[in-house]
Amino acid sequence: MINLDIKPLSANDMYLGRKVKSYKYKTFERKLLTLLPEQEVPEGELQLTIEVGLSSKLADVDNVLKPFIDCLQLKYGFNDKWIYNLLVSKRIVPKGEEYINFKIEEYEDGKDEEDTG
């Protein structure tokens, strides 16, 4: 793994001024909130696995993450600061067959095992 000694920049610090939701984003949010099933989200550290089916090889997979994760927070009432592990994959699909698959689960890797000795 390559180590870079630089503080990561938050997306919150990328732009000056107030961000306003676009019509496309409001429509996406409304539709997604109706599609998301009811489910319980574990408390504590989380692992989020996302697979996106995109119809363009030019589409950046990271561009779809923020709006999707923000909708998950809205629907399920958790804060994305609790996502400690994010697994993302992109699949190329025919136009009109785009999709998002996801799973939210407890993140186990960061937990110490209890000493039984």
Side-chain angles (χ1 to χ4, degrees):
M1 186 173 305
I2 296 171
N3 179 57
L4 302 174
D5 290 327
I6 186 170
K7 181 179 178 180
L9 182 69
S10 168
N12 296 332
D13 295 326
M14 289 174 59
Y15 304 100
L16 297 174
R18 181 175 138 92
K19 292 188 216 172
V20 178
K21 290 181 183 179
S22 70
Y23 174 78
K24 272 186 167 180
Y25 180 57
K26 289 178 187 177
T27 302
F28 172 80
E29 182 180 67
R30 229 180 355 263
K31 184 173 183 178
L32 183 60
L33 291 174
T34 63
L35 292 173
L36 288 169
E38 294 299 324
Q39 72 174 49
E40 292 292 320
V41 173
E43 290 193 20
E45 296 176 0
L46 299 172
Q47 175 170 296
L48 176 58
T49 304
I50 301 173
E51 177 183 285
V52 293
L54 302 170
S55 59
S56 172
K57 291 180 181 178
L58 301 176
D60 294 343
V61 70
D62 61 323
N63 285 344
V64 303
L65 298 178
K66 182 70 175 152
F68 180 67
I69 292 171
D70 285 352
C71 287
L72 290 178
Q73 289 184 103
L74 191 58
K75 174 73 174 192
Y76 299 123
F78 72 96
N79 189 316
D80 64 358
K81 72 179 182 182
W82 290 106
I83 298 172
Y84 276 67
N85 200 36
L86 178 62
L87 305 170
V88 181
S89 59
K90 171 175 125 175
R91 305 282 182 256
I92 302 303
V93 298
K95 192 164 186 69
E97 296 182 22
E98 296 87 357
Y99 67 87
I100 304 172
N101 291 335
F102 76 99
K103 179 170 55 171
I104 304 171
E105 56 195 332
E106 184 178 356
Y107 180 50
E108 296 289 340
D109 190 52
K111 299 193 185 281
D112 294 328
E113 292 186 25
E114 288 186 45
D115 186 3
T116 56

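Counting heavy atoms of neighbouring residues, nucleotides and ligands inside a 6.0 Å radius, atom NZ of K95 does not exceed 12 of them. Shown here is E40, whose CD atom has no more than 12 heavy atoms of other residues, nucleotides or ligands within 6.0 Å. Dense packing is recorded around OH of Y99, with more than 12 heavy atoms of other residues, nucleotides or ligands lying under 6.0 Å away.
Of the inter-residue distances, the one linking Y76 atom OH with L46 atom CG reads 13.0 Å to the nearest 0.5 angstrom. To the nearest 0.5 Å, atoms CD (E51) and NZ (K103) are separated by 11.5 Å. The distance from the CG atom of L74 to the CG atom of L33 is 5.0 Å, given to the nearest 0.5 Å.
Side-chain atoms of K90 come within 3.5 Å of backbone atoms of A59 as a donor-acceptor pair (strictly under, hydrogens ignored). Panel note: side chain N79, backbone K81; a donor-acceptor pair is recorded below 3.5 Å. Under a 3.5 Å cut-off, the side chain of E98 and the backbone N or O of G96 do form a donor-acceptor pair.
Looking at every heavy atom in both residues, K26 comes nearest to K21 through CE-O, 3.6 Å. The two atoms that bring C71 and L32 nearest to each other are CB-CD2, 3.4 Å, heavy atoms only. Shortest non-hydrogen contact noted between D80 and K66 is OD2-NZ, 4.1 Å. Between K75 and P37 the shortest heavy-atom distance is CE-O, 4.1 Å. The two residues Y25 and P67 come nearest to each other via the heavy atoms CE1-CB, 3.4 Å.
Using a 4.5 Å heavy-atom cutoff, the side chains of L65 and V52 are not in contact. Residues V64 and I100 fail the side-chain proximity criterion, which asks for heavy atoms closer than 4.5 Å. The side-chain heavy atoms of N85 and D109, taken from C-beta on, include no pair separated by under 4.5 Å. The shortest side-chain heavy-atom distance between V41 and L72 does not fall under the 4.5 Å cut-off. Residues E43 and W82 form no side-chain contact, since every pair of their non-hydrogen atoms from C-beta on lies 4.5 Å or further apart.
Considering E108, E105, E106 as possible partners of Q47, the one that fulfils the side-chain contact (heavy atoms from CB on, under 4.5 Å) test is E105. Here the options are V61, L87, N101, L86, the test is side-chain contact (heavy atoms from CB on, under 4.5 Å), and the partner is I50; only L86 passes.
A continuous path of Ile, Leu, Val, Met, Phe, Trp and Tyr side chains, each step under 4.5 Å between heavy atoms, connects I6 with I2, placing both in one hydrophobic cluster. One hydrophobic cluster, built from ILVMFWY side chains closer than 4.5 Å, cannot hold both L54 and V93; they sit in different ones.
Aromatic ring pairs are classed by plane angle as parallel below 30°, tilted from 30° to 60° and perpendicular above 60°; the pair F68 and F102 is perpendicular.
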